[in-house]
Protein chains: 2
Amino acid sequence: MISSELQKLVLFRNMTETEILDALRGLHSMEKHIKKGSIFLHAGDTTNAMGIVLEGSVTIESNDMWGNKTILSLVGAGQYFAETYALLPDEPMLVDVRANEDCRILFLYIGYLSESWSSGSWKEKILKNLLLISSHKNLQLSGRSFHTSPKSCRGRLLSYLNSISKQKHSLEFDIPFDRQQLADYLNLERTNMSKELGKMQNEGIIIFRKNHFKLIQP
Amino acid sequence: MISSELQKLVLFRNMTETEILDALRGLHSMEKHIKKGSIFLHAGDTTNAMGIVLEGSVTIESNDMWGNKTILSLVGAGQYFAETYALLPDEPMLVDVRANEDCRILFLYIGYLSESWSSGSWKEKILKNLLLISSHKNLQLSGRSFHTSPKSCRGRLLSYLNSISKQKHSLEFDIPFDRQQLADYLNLERTNMSKELGKMQNEGIIIFRKNHFKLIQP
DNA sequence: GAAAGTCTGTTGTTTAAGCCACATTTTTAT
DNA sequence: ATAAAAATGTGGCTTAAACAACAGACTTTC
């Protein structure tokens, strides 16, 4: 993996190439390739490493003993996962992490951050950037809470579609989920959700085809 | 407010009294008293200050235009709120913050953290502690996601009661919510939830009286 | 290009949550 | 102590979501 690829990431913001290389060494970084569909971090385990998605995407999901799946978030290229658990290495993970496509993942053992603190170093910068990342992650988690808080199927769909629309600054956009994943993310039953999407299209509120959606204003 | 009261807080962990006082000055800290029931941070606004609950408790809630309320979390004495928004001061808040009882709140303008960074100072320690706090907040938010992901009333109640029981290391405990608040936290309808609690008591799964609950193992 | 597999949508039935009106209990105020 | 107010629980009706079974469309693979 090339450090120029990393310089764009929030985690390495404001850092020189030398500092990034020092950081990669200091944090025992390690790149892995992971096949689509496989769960490579398991609920109940603990982890010392956070992950950066270099290529592909992963889903953060909970699978209970009755086979119900909940997708808490989708983490795309250039984004981070498990940083919370890596920072709190005693906490067992509540979720599974699954490769949504074939992936290239960079693992960083951020526990080494607190070792032998020398000021002005890359550690300080990483720390600041981690705080930013953690805060953004917080916003994302709250975001999902809002999409799942309406009690009706339509309410959740509208909450989700509106937020994506605002994110993309357009009434027309692609969503990153297929139907089953969208249902799992919004805690809905897939076929029922399809029904509702159909109704909404008939009523002229939305137009969609596959993953492409368009919101219609009255 | 006395700095000895603050030394126990995670935010000031590993800091001397002098450093804490420097930090309070540097972050333009300000103590306020707030009356029960009043909303003192409003969704849509931005904020530069994070809050520490010195006395009382606050709820983080979303109130939509149809009068539906969702309680995202309850923040008790010694805990923090709005740190995410204070760290990302351009993000409009998605939630209201309401005093759940009469409160003493300490506000800190943590934007001043990034000003004139001198290493080895209190700023570095605060930064590390903030990252811990943010990570814990992440866990809390995920936690609620799990309580609201079961589709059934009983599933959500059991998820919530079990997690409190584990937290308190006991099958018998008080919960911090009244019935309406619990329903708002679990995204349920109050009277329906009451019915379900009644059923569960009849079946001998739980015993409760007011806010005191006891889980019965088979 | 045929076959297998995946994804999406449809119909109909069952079940449980939402909701309203009201009864009962508990707390607060005077 | 009594009245007023708030919190909690009950019964019954309505409605919408879950679930199961299946049909059609689209992909992938060989």
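We name chains A, B, ... by the order of the sequence lines, and we start the count at 1 in each one. Worth knowing before you read on, the calculation uses all heavy atoms, side chains too, and leaves out hydrogens, waters and symmetry mates.
Note that the CZ atom of A:Arg25 and the CD1 atom of A:Ile20 stand 12.5 Å from one another [nearest 0.5 Å].
Under the 4.5 Å side-chain criterion, counting only non-hydrogen atoms from C-beta, B:Thr70 is in contact with B:Arg144. Residues A:Phe146 and B:Ser62 are in side-chain contact: their nearest non-hydrogen atoms beyond the backbone lie under 4.5 Å apart. A:Glu5 places a side-chain heavy atom less than 4.5 Å from the side chain of A:Leu54. Put simply, the side chain of A:Leu215 does not reach to within 4.5 Å of the side chain of A:Ile205, judged on heavy atoms. At a threshold of 4.5 Å between non-hydrogen side-chain atoms, the residues B:Val53 and B:Gln79 do not count as touching. Under the 4.5 Å side-chain criterion, counting only non-hydrogen atoms from C-beta, A:Asp90 is not in contact with A:Thr46.
The side-chain hydrogen bond (donor to acceptor under 3.5 Å, both in side chains) test applied to A:Ser170 returns no partner, not counting sequence neighbours. In this structure B:Asn211 satisfies the side-chain hydrogen bond (donor to acceptor under 3.5 Å, both in side chains) test with no other residue, sequence neighbours excluded. A search for salt bridge (charged side-chain N to carboxylate O under 4.0 Å, His left out) contacts involving B:Glu55 returns B:Arg104, not counting sequence neighbours.
Against DNA chain D, the stretch residues 146-153 of chain A makes heavy-atom approaches under 4.0 Å through A:Ser152, A:Cys153. For the contact set between residues 183-193 of chain B and DNA chain D, defined by any heavy atom under 4.0 Å, the members are B:Arg190, B:Thr191. If you check residues 195-211 of chain B against DNA chain C, the residues with a heavy atom closer than 4.0 Å are B:Lys195, B:Arg209, B:Lys210, listed by number.
Each end of the helix from C:dG1-D:dC30 to C:dT30-D:dA1 gets its own rotation axis from five pairs of C1' atoms, and the angle between them is 60° to the nearest 10 degrees.
Screening residues 36-57 of chain B for ring pair (Phe, Tyr, Trp, His ring centres under 6.0 Å), with sequence neighbours left out, gives B:Phe40-B:Phe81. Sorted by first and then second residue, the pairs that involve residues 150-169 of chain A and meet salt bridge (charged side-chain N to carboxylate O under 4.0 Å, His left out), not counting sequence neighbours, are A:Arg154-A:Glu196, A:Arg154-A:Glu203. The list of ring pair (Phe, Tyr, Trp, His ring centres under 6.0 Å) pairs with a residue in residues 175-218 of chain A, not counting sequence neighbours, reads A:Tyr160-A:Tyr185, A:Phe177-A:Tyr185, A:Phe208-A:Phe213.
Between B:Arg179 and A:Arg154, the residue whose closest nucleotide on DNA chain D is further toward the 5' end is B:Arg179.
Taking 4.0 Å as the cutoff to heavy atoms of chain A, we find the contact window on DNA chain C bounded by C:dT8 to C:dG18. Protein chain B contacts DNA chain D over a range whose 5' and 3' limits, counting nucleotides with an atom under 4.0 angstrom from a non-hydrogen atom, are D:dT8 to D:dA18.
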>> Quick one, B:Glu83 with A:Asn138, criterion side-chain hydrogen bond (donor to acceptor under 3.5 Å, both in side chains). Give me CA distance, side-chain angles, the key distance, then yes/no.
In response: CA-CA 10 Å; B:Glu83 75 288 344; A:Asn138 254 311; 4.6 Å; no

> Checking side-chain hydrogen bond (donor to acceptor under 3.5 Å, both in side chains) for the pair A:Glu31/A:Ser29: CA distance, chi angles, key distance, verdict?
Replying inline: CA-CA 7 Å; A:Glu31 187 177 329; A:Ser29 75; over 6 Å; no

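Defined by atom type and a distance below 3.5 Å, a donor-acceptor pair is present between the side-chain atoms of B:Ser57 and B:Glu101.
Annotation: A:Lys69, atom NZ; neighbour count of heavy atoms from other residues, nucleotides and ligands within 6.0 Å is above 12.
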